J.: 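Okay, handing you the structure first.
Just so it is clear, the structure is predicted and the values come from calculations on it, not from any experiment.
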Amino acid sequence: RRVLFRSSTSVKVGSTSTLGLKVSSTNQFGTCILPFDYVLPADGSLKAYTCSNYTEDALLLTSVAEKMKAYTPYILYSPNGFSATISGEVDAGKYPEGGVVKQGFLVGTLVQKELTASTSYVMQNQGNGPLFYRVGATPFVLSAGKCYVELPDGASARNIRIAGEETGIIETKTGERETENKEIYDLSGRLVQKLQKGIYIVNGNKVVKQ
């Protein structure tokens with residue numbers, strides 16, 4: 001049984017748009033594409049990520065520092081859940097053809113979309129936490145304002161984890177003292193001495209440094 005991930009938006013196109021944005025406290029993750037820019041809360045209650053890299057079974061995310069851009073697909077994360085009514089000015093001239101935008105491996109849709117391709121993955125919680133599950137023989141109808149993952153032809157994973165470590169983003173507060181005598185590599189395989197913002201491999205584990 002498919003269990004829809006509870007992160008929702010309602011999208012309108014006009015001079016001004018108002019919509020509800022929600023990530024449940026149970027799942028903590030969601031997806032979103034907005035028709036206007038949105039400044040993320042300064043208290044860290046909601047975070048946004050893009051995705052241009054993946055391993056055999058995991059998405060590797062890049063953190064967004066301050067603002068979600070209009071017509072851009074994102075994966076959302078909220079440690080305690082997030083719910084708000086947000087609004088902004090819409091530039092209808094930038095509305096994407098067909099209401100669909102692909103950036104990296106994320107595809108955002110501003111209209112309801114039926115997914116049939118086996119290379120498409122949708123976020124669901126089927127009892128093991130939020131994962132991206134591959135669309136099977138039965139088409140999947142994705143609501144407006146949501147995103148899905150599209151992998152290259154030949155990808156064979158049944159489901160994709162987020163950030164490659166269990167089902168959650170690893171947010172490390174590791175400082176210089178804590179990384180002494182540990183091997184740290186960037187995603188290009190280069191040995192580095194100090195963690196800065198980004199994704200790294202520390203002693204064989206993937207971590208995200210804010």
J.: So which heavy atom on Asp37 is nearest to which on Ala70, and how close?
T.: OD1-N, 2.8 Å
J.: Can you tell if the side chain of Ser24 reaches within under 4.5 Å of the side chain of Asn125, non-hydrogen atoms only?
T.: no
J.: Hey, what do you get for OG (Ser52) to CG (Leu59), rounding to the nearest 0.5 Å?
T.: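 Ser52 OG to Leu59 CG: 10.5 Å, rounded to 0.5 Å.
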J.: Just do the side-chain contact (heavy atoms from CB on, under 4.5 Å) check on Asp153 and Thr119 with the steps written out, would you?
T.: CA-CA 6 Å; Asp153 290 339; Thr119 54; 3.6 Å; yes
J.: Working to the nearest 0.5 angstrom, can you tell me the gap between Thr50 OG1 and Phe105 CZ?
T.: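 Rounded to the nearest 0.5 Å, the OG1-CZ separation comes to 12.0 Å.
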J.: Hey, does Leu106 have a side-chain heavy atom less than 4.5 Å from the side chain of Val149?
T.: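 Heavy-atom side-chain distance check passes, below 4.5 Å.
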J.: Please lay out, stage by stage, how Ser25 and Asn80 fare under the test side-chain contact (heavy atoms from CB on, under 4.5 Å).
T.: CA-CA 5 Å; Ser25 58; Asn80 300 307; 5.7 Å; no
J.: As an exercise, state the distance from OH of Tyr133 to CE of Met123, rounded to the nearest 0.5 Å.
T.: 11.0 Å
J.: Quick check: does any side chain N or O of Ser78 sit under 3.5 Å from a backbone N or O of Ser45, one acting as donor and the other as acceptor?
T.: yes
J.: Any donor-acceptor pair under 3.5 Å linking the side chain of Gln28 with the backbone of Tyr77?
T.: no
J.: Are the side chain of Ser120 and the backbone of Ser118 linked by a donor-acceptor contact shorter than 3.5 Å?
T.: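 No, because the side chain of Ser120 does not come within donor-acceptor range (under 3.5 Å) of the backbone of Ser118.
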J.: Going by heavy atoms in the side chains, are Gln126 and Leu131 under 4.5 Å from each other?
T.: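 Counting from C-beta outward, Gln126 and Leu131 never come under 4.5 Å.
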J.: Can you find a heavy atom in the side chain of Phe36 that is under 4.5 Å from one in the side chain of Thr18?
T.: no
J.: Check the pair Met68 / Leu40 against side-chain contact (heavy atoms from CB on, under 4.5 Å), numbers first and verdict last.
T.: CA-CA 7 Å; Met68 295 167 59; Leu40 292 164; 3.6 Å; yes
J.: Nearest 0.5 Å please: distance from the OH atom of Tyr148 over to the CZ atom of Arg134.
T.: 16.0 Å
J.: Could you report the tightest heavy-atom contact between Lys146 and Ile33, atom names first, then the distance?
T.: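 Scanning both residues completely, I find the closest heavy atoms to be O-CG2, 3.9 Å.
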J.: To the nearest 0.5 Å, tell me how far Leu151 CG sits from Ile160 CD1.
T.: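 Here the rounded value is 5.0 Å.
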J.: Ignoring hydrogens and angles, state whether a donor on the side chain of Glu89 or Thr16 is under 3.5 Å from an acceptor on the partner side chain.
T.: yes
J.: Ignoring hydrogens and angles, tell me if any N or O in the side chain of Tyr74 forms a donor-acceptor pair with the backbone of Lys69 under 3.5 Å.
T.: yes
J.: If you round to the nearest 0.5 Å, how far is CG of Leu76 from OG1 of Thr31?
T.: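 Reported to 0.5 Å precision, the distance equals 7.0 Å.
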J.: Would you say that Cys32 contacts Tyr38 through its side chain, given a criterion of any heavy-atom pair below 4.5 Å between the two side chains?
T.: no
J.: Check whether any side-chain heavy atom of Tyr71 lies under 4.5 Å from a side-chain heavy atom of Leu110, and answer yes or no.
T.: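 The answer is yes; the side chains approach within 4.5 Å.
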J.: Minimum heavy-atom separation for Gly108 and Pro73, please, with both atom names.
T.: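 Distance-wise, the nearest heavy atoms are N-CB, 3.6 Å.
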J.: Is any side-chain heavy atom of Thr116 less than 4.5 Å from a side-chain heavy atom of Val135?
T.: no
